Participant: 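Please see the structure below; I have some questions.
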Protein chains: 2
Amino acid sequence: MVTLKAARALLDEKGLRSSATRIHVLAYLLSYPSHPTADEIYQALLPKMLTLSKTTIYNTLDLLTEANITRQITIDGKEARFDIIIVDHGHFQCNTCKHIYDFSVDLDECMVADLTGFKVAQRNIYFKGICPNCQK
Amino acid sequence: MVTLKAARALLDEKGLRSSATRIHVLAYLLSYPSHPTADEIYQALLPKMLTLSKTTIYNTLDLLTEANITRQITIDGKEARFDIIIVDHGHFQCNTCKHIYDFSVDLDECMVADLTGFKVAQRNIYFKGICPNCQK
DNA sequence: ACATTAAATTGTAATGGTTACAAAAATAAA
DNA sequence: TTTATTTTTGTAACCATTACAATTTAATGT
């Protein structure tokens with residue numbers, strides 16, 4: 001499990017204590033950058049950590065998001081999803097199968113003058129429609 | 001109230017029955033294009049329509065969204081917001097005062113080749129940060 | 001105008017993701 | 001080890017949204 005070491009390193013780098021929960025949550029996000037929900041992470045880790053609590057998952061995800069390691073995205077408005085921050089990229093959610101695809105986008109290219117004076121900390125872009133698979 | 005007539009006209013145009021609730025909800029969105037929540041609309045209309053139900057607000061907003069008159073946006077992930085569809089534009093939410101600003105953006109300009117084969121039905125872009133007012 | 005059918009609205013209860021909070025456990029410091 | 005701090009846990013509360021059945025309202029046909 002190379003991601004466990006990577007997770008620990010990332011936490012150290014940010015000055016966060018690397019508890020077992022944090023390492024595993026972060027390792028999961030590194031291994032499965034598929035925008036999982038809090039519950040998906042919880043269900044995936046539960047077999048390994050029998051006493052794991054849902055609250056801890058939320059606390060940890062808040063912590064990681066606060067430290068700019070992860071990003072919280074809301075696409076369907078139903079439940080939050082969490083994404084390892086790599087580079088600015090867009091999300092496409094298929095209305096049929098609900099799967100979320102990443103796509104690259106150069107946000108600097110499409111900027112406008114309206115936001116002078118605004119301090120932009122985070123940029124999100126998401127599309128909706130039908131993915132190629134579901135068009136068949 | 002010119003917006004009441006405009007609301008009725010819009011409903012007629014889409015082949016939707018123009019009930020009192022629908023007219024008022026739509027007129028409110030036309031008058032206050034400030035991305036209100038379902039509850040904000042409900043609270044605003046309640047004095048005029050004493051028997052109004054929250055469920056009806058949701059039903060109506062679903063209907064309008066289905067008819068492509070309004071668009072549902074989720075920025076904070078906490079509660080849905082509703083916006084009259086005009087043109088593609090971005091939303092900026094201030095982390096401090098939570099106010100949501102509109103800004104224009106040419107989404108065609110920043111497109112990429114990744115999405116060939118995808119049928120894009122809706123494009124959303126939202127930024128977060130600090131607005132000029134809250135930087136003082 | 002009346003009866004019949006369909007559509008819209010209402011109220012209540014349930015759902016489900018998230019959060020508050022206090023207690024328990026684990027870790028670090030003295 | 002003792003003490004202090006941090007982390008984790010479990011339960012209960014919160015709150016936006018939805019399900020659903022009943023009621024009301026509007027449209028249609030006779």
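All chains are named by letter (A, B, ...) in the order of the sequence lines, taking the proteins before the strands, and each is independently numbered beginning at 1. Here the structure is a predicted model, which means the values were calculated and not measured.
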Participant: Contact class for S19(B) vs. all strands (heavy atom < 4.0 Å): base, sugar-phosphate, or nothing?
Facilitator: sugar-phosphate

Participant: Between F103(B) and F127(B) (judged by ring centroids, cut-off 6.0 Å), do the two rings come close enough to count as a pair?
Facilitator: yes

Participant: Can you see if the side chain of T51(A) gets near the phosphate of dT9(D) - specifically, an N or O under 4.0 Å from OP1 or OP2?
Facilitator: yes

Participant: Does a nitrogen or oxygen in the side chain of R17(A) sit under 4.0 Å from OP1 or OP2 of dT27(C)?
Facilitator: no

Participant: How close or far is atom P of dA16(D) from atom CD of Q43(B), stated in whole angstroms?
Facilitator: 10 Å

Participant: How long is the line joining CG of L63(B) and P of dA7(C), in whole Å?
Facilitator: 13 Å

Participant: With a 4.0 Å cut-off on heavy atoms, is T21(A) in touch with a base, just the backbone sugar-phosphate, or nothing at all?
Facilitator: sugar-phosphate

Participant: Between dT9(C) atom C1' and K54(B) atom NZ, what is the distance in whole Å?
Facilitator: 16 Å

Participant: Check every strand shown and say whether D39(A) touches a base, only sugar-phosphate, or nothing at a heavy-atom separation below 4.0 Å.
Facilitator: nothing

Participant: Expressed as a whole number of angstroms, how long is the span from I57(A):CD1 to dT18(C):C1'?
Facilitator: 14 Å

Participant: If I compare all heavy atoms of A7(B) with all of A27(B), which pair ends up nearest, and what's the gap?
Facilitator: CB-N, 3.8 Å

Participant: Is it true that atom CZ of R71(A) has more than 12 heavy atoms of other residues, nucleotides or ligands lying nearer than 6.0 Å?
Facilitator: yes

Participant: Can you measure L50(A) atom CG to dA25(C) atom P for me and round it to whole angstrom units?
Facilitator: 16 Å

Participant: How many whole angstroms separate atom CG of D62(B) from atom P of dA16(D)?
Facilitator: 16 Å

Participant: Between L52(B) and K78(B), which has a closest nucleotide on DNA chain C that is more 5'?
Facilitator: L52(B)

Participant: Which of the following nucleotides, dT17(D), dT9(C), dG17(C), is nearest to the side chain of E79(A)?
Facilitator: dG17(C)

Participant: N59(A) CG to dT18(C) P: how many Å, rounded?
Facilitator: 13 Å

Participant: Just wondering, are more than 12 heavy atoms of other shown residues or ligands nearer than 6.0 Å to CD in Q135(A)?
Facilitator: yes

Participant: May I ask you to verify if any side-chain N or O of Y58(B) is less than 4.0 angstrom from the OP1 or OP2 atom of dT18(D)?
Facilitator: no

Participant: Charged N to carboxylate O below 4.0 Å: is that the case for D39(B) and K54(B)?
Facilitator: yes

Participant: By the 4.0 Å heavy-atom rule, please label T55(B) as base, sugar-phosphate, or nothing.
Facilitator: base

Participant: Rounding to a whole Å, what distance do you find between Q72(B):CD and dT17(D):C1'?
Facilitator: 10 Å

